Number of protein chains: 2
Amino acid sequence: MLTATATRTSPLPMGQVAQLPPAEGYPAGPHPAATPSARAAATTLLDGLPGARPGVTFARDQEIVADGTPAHACWEILSGCVRLVSLTDDGRRQVTDFLYPGDIIGLEALDTFDYSAEAVTRATLRRVPRGAIESRAATDAAFAGALRRMLAERMRAARARLVLLGRMSAAQRIAHFLLEMQARIGTPGSPTFDLPMNRSDIADYLGLTIETVCRGLTDMRRRHLIAVSRTHITLRDAAALPAALEQLH
Amino acid sequence: MLTATATRTSPLPMGQVAQLPPAEGYPAGPHPAATPSARAAATTLLDGLPGARPGVTFARDQEIVADGTPAHACWEILSGCVRLVSLTDDGRRQVTDFLYPGDIIGLEALDTFDYSAEAVTRATLRRVPRGAIESRAATDAAFAGALRRMLAERMRAARARLVLLGRMSAAQRIAHFLLEMQARIGTPGSPTFDLPMNRSDIADYLGLTIETVCRGLTDMRRRHLIAVSRTHITLRDAAALPAALEQLH
DNA sequence: CGCTCCATTGATTAACTTCAACAACAGTGG
DNA sequence: CCACTGTTGTTGAAGTTAATCAATGGAGCG
């Protein structure tokens with residue numbers, strides 16, 4: 001498939017072991033990326049675990065983990081955007097998550113990955129052996145609790161998406177998506193942000209087709225709710241966005 | 001809303017404290033109910049936690065936890081079937097999960113519940129304060145690990161459902177639902193089982209309408225793939241069920 | 001027996017997908 | 001710098017799926 005090669009961003013030796021941070025001070029929530037200040041935080045959940053490698057850079061669309069392969073390691077996202085992808089038996093694609101800096105790939109893996117992870121943009125990630133995570137969790141209760149809270153928050157987000165996919169119209173899905181993106185990658189107070197993913201990724205995330213996503217965005221633009229260029233979004237009236245959808249059409 | 005009253009199944013005093021079981025021997029998977037032998041297991045994950053109350057019985061359709069209320073406690077299901085329900089802004093309903101004996105309500109709750117839980121059938125549950133779970137997790141790494149694995153397994157199931165809701169046709173959703181039910185509540189080796197939930201619950205679980213669920217079941221019956229009475233299902237050819245859907249129609 | 005609730009079937013409509021064409025943009029090499 | 005080219009995004013028209021609206025059937029229960 002993809003032939004691009006991962007390249008280290010730093011020449012540090014592998015297997016470096018840093019001193020363990022104190023049990024306190026783990027990020028409270030699982031999505032530090034949601035708060036821009038935390039996005040640049042010097043310390044993240046998996047800092048200082050033994051066996052962690054320095055950052056590895058992946059090119060756009062490059063596969064980070066492959067569906068069905070043994071889950072020997074987790075990957076913590078340091079920069080960029082990653083999508084988790086699952087396929088149906090007959091080959092249709094569903095993006096089950098977009099991940100951002102601070103998020104971790106593979107927390108919920110058991111023996112093998114049941115999805116593949118691909119770089120949406122050029123992205124830097126840190127590989128951490130699952131054994132290191134497990135043993136740290138076994139000895140450090142605060143760390144284990146932080147992991148559990150992170151999983152719990154992801155579970156809540158997934159549940160919200162079940163409602164979106166099961167019961168919302170195309171227009172509602174798109175509007176909720178824009179608001180979610182604003183919250184995760186936007187700057188608080190600013191109505192504009194850039195989408196890291198293309199229309200195809202958005203469509204597969206929302207359970208729609210590319211064309212329906214386009215039409216939905218165009219419709220919102222015509223109603224002066226948003227401004228759209230290829231990647232740049234401006235929410236002209238974020239508060240009105242959900243309300244405008246209740247009446248549909 | 002519902003006015004049925006919860007009644008204790010046993011006259012034991014509340015707040016009983018049993019001796020802690022050994023750290024080893026927790027159920028490996030999060031869905032002991034999936035294996036019928038484990039369904040009748042004498043010990044479950046939350047056995048022996050301080051503050052656990054004896055079983056409480058809920059009538060059909062009775063609310064167990066309410067959306068938006070503080071998550072002071074988890075509820076472990078001892079018998080019966082429970083649904084987790086979320087509503088959209090405009091009042092449409094999505095069933096985000098069906099839970100069975102061994103499953104726990106509220107593991108992923110943070111401050112408040114973001115869904116309501118209701119008894120699908122008459123059900124018995126055990127209330128366990130979250131504080132007891134948290135403090136046990138803080139001191140018992142094996143227990144914390146079991147909790148995390150349980151959450152991870154639920155996360156995987158939720159991801160599979162995202163694919164189902166986002167990318168599968170009505171017929172495919174219904175077929176997958178039947179196979180899932182067979183795996184969770186059926187007897188291994190037997191092609192028949194009884195659905196605990198009605199058509200409305202199934203529809204809200206699959207993101208469809210009642211009518212579409214009915215038509216799908218009828219269609220499969222006409223094609224001799226299944227036999228259906230109101231609640232009783234027989235999978236005449238479980239192996240052919242997914243294959244028969246690829247060609248759709 | 002009659003009532004109520006739930007399930008089923010039919011007819012029609014609406015929403016979204018599919019198929020098709022075109023436009024806009026980015027990258028490349030001349 | 002610009003033409004060329006491939007990719008991504010947008011719009012239009014037709015087709016399909018599932019929702020909606022409506023009526024009937026059937027089981028359980030007082």
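Fair warning: this is a prediction, and the values are worked out from it, not measured in the lab. Just so it is clear, the values below take in all heavy atoms, side chains as well, and ignore hydrogens, waters and symmetry mates. So you know, we letter chains A, B, ... as the sequences are listed, proteins then strands, and number each from 1.
Among the heavy atoms of the strands lying under 4.0 Å from B/Arg199 are primed sugar atoms or P, OP1, OP2 only; no base atom is included. Note on A/Gly216: nothing from the nucleic acid sits closer than 4.0 angstrom, heavy atoms only. As judged by a 4.0 angstrom heavy-atom cut-off over every strand, A/Leu217 is placed among residues making no nucleic acid contact.
By the side chain to side chain donor-acceptor pair (under 3.5 Å) test, B/Arg93 is found to be paired with B/Asp201, B/Asp204, residues two or more places apart in sequence or in another chain being considered. The ring pair (Phe, Tyr, Trp, His ring centres under 6.0 Å) test applied to A/Phe193 returns no partner, not counting sequence neighbours.
Going from atom CZ of A/Arg236 over to atom CG of A/Leu241 covers 12.5 Å, rounded to the nearest 0.5 Å.
Look at B/Asp219 and B/Arg223 and you find a salt bridge, because one of the NZ, NE, NH1 or NH2 atoms lies within 4.0 Å of a carboxylate O, short of that distance.
Considering all non-hydrogen atoms of both residues, B/Phe113 and B/Gly106 come closest at CE2-CA, 3.7 Å.
Of all nucleotides listed (D/dG9, D/dG26, D/dA19), D/dA19 comes nearest to the side chain of B/Thr209. Comparing atom distances between the A/Asn198 side chain and each of D/dA18, D/dG9, D/dA27 picks out D/dG9 as nearest. The side chain of B/Glu211 sits closest to C/dT9 out of C/dT17, C/dT9, C/dA7. Listed nucleotides D/dT8, C/dA7, C/dT18 differ in distance to A/Arg230; the shortest reach to its side chain belongs to D/dT8. Looking at the side chain of B/Cys214, the nearest of the listed nucleotides D/dT11, D/dA18, C/dT9 is C/dT9.
Put simply, the side chain of B/Thr218 gets close to the backbone of B/Cys214: a donor and an acceptor are under 3.5 Å apart.
In summary, of the residues considered (B/Arg83, B/Arg126, B/Arg184), a salt bridge (charged side-chain N to carboxylate O under 4.0 Å, His left out) with B/Asp103 occurs for B/Arg184 alone.
Map A/Met168 and B/Ser229 each onto its nearest nucleotide of DNA chain C; the residue landing nearer the 5' end is B/Ser229.
Between the side chain of B/Arg215 and the base of D/dT20, at least one donor-acceptor pair of N or O atoms lies under 3.5 Å.
In this entry the distance linking CZ of A/Arg167 with P of D/dT20 reads 8 Å, nearest Å. In this structure, CG of A/Leu208 is placed 14 Å from C1' of C/dT18, rounded to the nearest angstrom. The separation between A/Leu165 atom CG and C/dC16 atom P is 13 Å, rounded to whole Å. With rounding to whole Å, A/Ile210 atom CD1 is found 19 Å from C/dA24 atom P. What separates CG of A/Asp219 from C1' of D/dG12 is a distance of 15 Å, to the nearest Å. Atom CG of B/Asp204 and atom P of D/dA19 are 11 Å apart (whole Å). Summarising the geometry, the separation between CZ on A/Arg92 and P on C/dC16 is reported as 14 Å, rounded to the nearest angstrom. In this structure, CE of A/Met197 is placed 22 Å from P of D/dT7, rounded to the nearest angstrom.
Side-chain nitrogen and oxygen atoms of A/Arg60 include at least one within less than 4.0 Å of the OP1 or OP2 phosphate oxygen of D/dT8. Here B/Thr218 does not reach the OP1 or OP2 of C/dT8: none of its side-chain N or O atoms lies under 4.0 Å away. Between B/Thr212 and the phosphate of D/dA19, there is a side-chain N or O to OP1/OP2 separation shorter than 4.0 Å. Side-chain nitrogen and oxygen atoms of A/Arg221 include at least one within less than 4.0 Å of the OP1 or OP2 phosphate oxygen of D/dT11.
A cation-pi arrangement is present between B/Arg159 and A/Tyr115 under the rule of less than 6.0 angstrom and at most 45 degrees off the ring axis.
For residues 80-88 of chain A, proximity to DNA chain D is found at no residue, defined as any non-hydrogen atom under 4.0 angstrom from a strand atom.
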